[in-house]
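To start, the structure under review is shown below, and the notes come after it.
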Amino acid sequence: MKTFNQFREELSERDYKKEYANYHSRPEQIARRSARNSARRIIKNKLTDEEIEGKDVHHKDNDPLNNDKTNLSVVTQHYNRREPRVREKE
């Protein structure tokens, strides 16, 4: 098990500015992040804070750009953060 100082050392080794410049600042990534934030706002307007606390907004077709209300659902973080290829087919 890693200690807190070991985690801090690992974090200090990351170059966040470089990560942003190489990946997060790309126009397609900005659009995807914006769409995910928009999906959270759509769901937050429909449900109370208690209903969504500790949960994630899930895009059923795994396309964050598709914010159709029929494509969004609220699921546990565990389910939403697993890779789609390991989810059971419904």
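Values below: all heavy atoms of this structure, side chains included; hydrogens, waters and symmetry mates excluded. Starting from 1, each residue takes its place in the sequence as its number.
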Between Leu72 and Lys60, is the side-chain contact (heavy atoms from CB on, under 4.5 Å) condition met? List the steps. CA-CA 6 Å; Leu72 300 176; Lys60 294 176 184 175; over 6 Å; no

Is the number of heavy atoms from other residues, nucleotides or ligands under 6.0 Å of Gln77 CD greater than 12? yes

Please determine whether side-chain contact (heavy atoms from CB on, under 4.5 Å) holds for the pair Arg40 and Asp56, giving the CA-CA distance in whole Å, both sets of side-chain angles, and the decisive distance to 0.1 Å. CA-CA 8 Å; Arg40 287 188 202 101; Asp56 285 346; over 6 Å; no

Calculate, to the nearest 0.5 Å, the distance between atoms [atom1] and [atom2] belonging to [X] and [Y] respectively.
| X | Y | atom1 | atom2 | result |
| --- | --- | --- | --- | --- |
| His59 | Arg36 | NE2 | CZ | 8.5 Å |
| Ile52 | Leu47 | CD1 | CG | 6.5 Å |
| His58 | Ile43 | NE2 | CD1 | 11.5 Å |
| Asp15 | Glu19 | CG | CD | 7.5 Å |

Looking only at atom types and distance, does a side-chain atom of [X] sit under 3.5 Å from a main-chain N or O of [Y], one as donor and one as acceptor?
| X | Y | value |
| --- | --- | --- |
| Ser34 | Ile30 | no |
| Ser25 | Tyr20 | yes |
| Glu51 | Thr48 | yes |
| Asn80 | Thr76 | no |

Heavy-atom closest pair, residues [X] and [Y]:
| X | Y | value |
| --- | --- | --- |
| Ala39 | Val57 | CB-CG1, 4.1 Å |
| Asn71 | Asp63 | ND2-O, 4.1 Å |
| His24 | Arg33 | O-NH1, 3.5 Å |
| Pro64 | Ala35 | O-CB, 3.0 Å |

If hydrophobic clusters are built by linking Ile, Leu, Val, Met, Phe, Trp and Tyr wherever their side-chain heavy atoms come under 4.5 Å apart, do Val74 and Tyr79 end up in the same one? no

Between Asn22 and Arg26, is there a side-chain heavy-atom distance shorter than 4.5 Å? no

For residues Leu65 and Arg32, determine if any side-chain heavy atom of one lies less than 4.5 Å from a side-chain heavy atom of the other. yes

